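Worksheet: the structure to be examined is printed underneath.
Atoms within a ligand are numbered from 1 in the order they appear, just like the ligands themselves. Being a predicted model, the structure only gives us computed values, none of them experimental. Values reported hereafter were calculated over all heavy atoms of this structure, with side chains retained and with hydrogens, waters and symmetry mates removed.
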Amino acid sequence: MLASFILFLSIAALSLKGEDGAPAEINSHFAINQNELDAISTLLLKIKEKSFKKAFGDRSFGNDAVEDSMKPVAISGNQPEVDKAMIPFLYEGDILLNQKQAETILLNIGEDTKRIRRKRNFVSDTLAKWSQLPIKYRLHESLAFFEIAQIVRSVKFWENRTCLSFERVINIPDGDFIEFFKGQGCYSMIGRNGGRQGISIGQNCLKQGVIEHEIGHALGLWHEQSRPDADAYIKVLLDYILPSYKSDFEQQTSGIVTLGIPYDLGSVMHYGPQAFSSDKMTTTVVTKDPLFRSTIGQRETLSFYDVKTINTAYCSGKCSGATKCLNGGYPHPSRCSECVCPSGLGGSVCDTFEAPKNAECGALLTASSEWKEITSPGFPDPGYNQDQQCAWLVQSPSSSDRIEFEFIDDFSFLCTSTCVDYVELKIQADLANTGFRLCCYDMPSETFVSESSLALVIFRSQLSSDVGFKLRFRTTSRPARTTLPPPTTTTTVAPPSGSSITWSGWGEWSECSRTCGGCGVKSRTRQCPVSKCEGRRQEFNTCNLDACPVDKHCARAMSATKLCNGRICTTVSEVLSGCDEPLCCPPFFPVNGICQSDDPLVNDFIDL
Ligand SMILES: [Zn+2]
C-alpha cells in the first residue's frame with residue numbers, strides 16, 4: 001500500500017511540475033508563493049487519500065486512482081471541464097484553497113457531521129470578508145474585448161443586487177484586489193485572501209452564471225451541496241463517481257455558516273446532476289425530491305438566495321425600519337425604498353408578478369373552483385422563442401384553499417440534463433426559494449397542489465424554440481403535494497465471508513445508469529473483512545450497448561442550434577448531435593444497432 005501511494009505521489013508530483021505551467025499561472029495571479037502552493041497540492045493529495053480511505057476502508061490508493069485523477073471531469077454540464085493541468089491544485093473542480101482552508105478540510109474528513117451540525121455555505125472566517133469597499137478589480141491583458149464585456153456585466157449584476165461596490169482599476173493597486181485573467185479553466189479562491197487574488201475566466205467560462213459563480217466564491221460562497229443539511233435534499237451516487245474524486249463530495253464540518261438561508265437547489269453554486277461522473281453522462285447527484293432533478297446545476301444567473309446570502313453577510317442592518325416587502329422580499333441594502341423580490345415576483349413590494357421579457361405574458365390570477373388556463377408564449381404553434389420570460393402569480397380567494405395545477409394538451413421544451421428552457425412551479429410555502437423546473441418532452445401526469453394559497457408559475461427560454469406548455473389550475477382543499485420518497489438504488493453487496501483474509505465475492509452489478517447508447521455505467525463492490533486487501537473494492541463496466549432509438553423530437557431540437565449565433569451553446573449542440581440514426585454516446589458508434597468503439601470510455605475499469 002505504501003509503495004502504491006508513493007507511486008501516486010511521484011506521478012502527481014511529475015504532473016505538478018511538467019504540465020503546461022499551471023503553478024506559474026497561480027504564482028503570477030495570486031499572492032501565493034511556490035512553497036505555499038506545494039503545501040496546498042500536498043494537502044489536496046492527503047484530502048483525496050483520506051476521503052478515499054473513508055469510502056473504501058484500508059486499501060491502497062493506487063494506480064487506478066492515479067489514472068482516475070487525470071480524467072477530465074466537470075461539476076455541472078453548464079460549466080466547462082476542469083482543465084487537466086489544474087487538477088492537482090483545485091478542490092471541488094474550481095476552488096483554489098488556501099493552506100488554512102485545506103488543513104481544516106483535511107482535519108474534518110471523517111468527523112461525524114451529524115454531531116457537528118453547524119449550518120454553513122458562507123465562509124465563517126470574518127477576515128475572509130472584503131472589508132474595504134469598493135472592491136478593486138483589474139482586467140488582465142490576457143482577456144479579449146468580448147470576455148471583458150461579459151466579466152464587467154457579471155460584476156455589475158452582483159453590484160446591482162447587493163450593497164457591495166466594485167471599482168475597476170487599470171494599474172496594480174495597493175492592498176487587496178481581484179484580477180480577472182484568462183487562465184486554464186474557470187476557478188477562484190473562497191473569500192478574500194489578501195493582496196492580488198485572481199479569478200480565472202478561461203476558455204468556455206463566459207456564460208454569465210459561470211462568471212457570477214466564480215465571483216461568488218471570491219466573495220465567500222462555498223458550493224451549495226457542501227452544506228451539512230445537503231443530505232436532506234440530495235443523494236450522491238458514489239457508485240458512479242471516479243474513486244479519486246470522492247473527496248469533492250465531502251461535507252465540511254467547520255469553516256462556513258449558512259446565515260439562516262434555506263438550502264436552494266436552484267443556486268448557481270450547486271453541482272449539476274452529473275458532477276464528477278465517471279463518463280460525464282451518468283447521474284451522480286440525485287435530488288431527494290425527483291421533481292427537482294433537472295433544477296440543480298443551473299448557470300444562468302444567481303438565485304434569489306445566492307444574493308441574499310451575500311447581502312446577509314455583508315449588508316445587514318443597512319435598512320432598519322424601511323419598506324415592508326412581501327413574499328420573502330427584503331429592502332435593497334443600498335436603495336432602502338426598493339425591494340429585492342424573489343424570482344417571478346415584482347411590483348414595489350413583491351406582491352405581484354414579475355414583468356415579462358420579450359413576450360406579452362404573465363398575470364396576477366385568482367383561482368376559483370372552475371379550471372382556468374395558462375400557456376407559454378406562442379403555444380403550441382409556432383411555440384416560444386429564445387430569451388423569453390413570463391411569470392404568473394396565482395392566488396386563491398380564501399387563505400385556507402390551496403391551488404391545484406395540471407398540465408394538459410402538449411408539452412415540449414429543449415431537453416437538457418439541467419433545464420435551460422423550462423416551466424418552473426413554485427408551489428412550496430416559501431416563494432423565495434427556487435421551484436422545480438420541468439423541461440424535455442414528457443408531460444407530467446401527476447397534478448400538483450400548492451402548500452399555501454399562493455403559487456407561482458414561471459416560464460423561461462434561453463436558447464431554443466419549442467412547443468412550450470399549457471396548464472390549468474383551480475382551487476382545491478386536497479392536501480399539498482409532499483416530497484415523494486427518494487428513488488431507491490439497486491446496488492447489492494455480498495456479505496463478507498468473515499473467515500477469509502482475502503476479499504469477499506463481488507456483489508451484484510448495480511442497475512445500468514442508462515437504458516441504451518453504450519454510455520451507461522454499472523458498478524459492483526466487494527468487502528474486505530480484515531484490515532488489508534490488495535486490489536479494487538469497486539469496479540465499473542459499460543452496459544446496455546444497444547443503440548438508442550431515433551428521437552422524434554430531435555429534428556426540432558436540432559433547429560435550436562441555429563439560434564445560437566453569437567451565443568454559447570456548446571453543451572446543447574453536444575446533446576443534440578446525431579439525429580438521423582439510432583444514437584450511441586461518443587466515442588461509441590452504431591454498427592447494426594449495437595454501439596461499438598475502439599476506445600471505450602470505461603473498459604479500462606474492467607479488472608476481473
Ligand atoms: Zn465553484
Name, closest N/O/S atom of H217 to the Zn ion (ligand 1) =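 It is NE2, the N, O or S atom of H217 closest to the Zn ion (ligand 1).
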inquiry  = Quick check against the 3.5 Å criterion: does S247 have a side-chain atom that pairs as donor or acceptor with the backbone of S51?
reply    =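 Side chain of S247 to backbone of S51, a donor-acceptor pair under 3.5 Å: no, none is there.
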message = Angle at the Zn ion (ligand 1), OD2 of D94 to NE2 of H213, rounded to 10 degrees, please.
response =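 D94 OD2 and H213 NE2 form an angle of 90° at the Zn ion (ligand 1).
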message = How about CZ on R138, more than 12 heavy atoms from neighbouring residues, nucleotides or ligands closer than 6.0 Å, or not?
response =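 Atom CZ in R138 is crowded, with more than 12 foreign heavy atoms closer than 6.0 Å.
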task = Taking both backbone and side-chain atoms into account, decide whether E214 has an N/O/S atom under 2.8 Å from the Zn ion (ligand 1).
result =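 So E214 does not bind the Zn ion (ligand 1) by this criterion.
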task = Using only the SG atoms, establish whether C419 and C439 come within less than 2.5 Å of one another.
result =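 Cystine link detected, SG atoms below the 2.5 Å cut.
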query = Which distance, rounded to the nearest 0.5 Å, do you find between the CD of E167 and the CD of Q132?
reply =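 Spacing of CD (E167) from CD (Q132) equals 11.5 Å.
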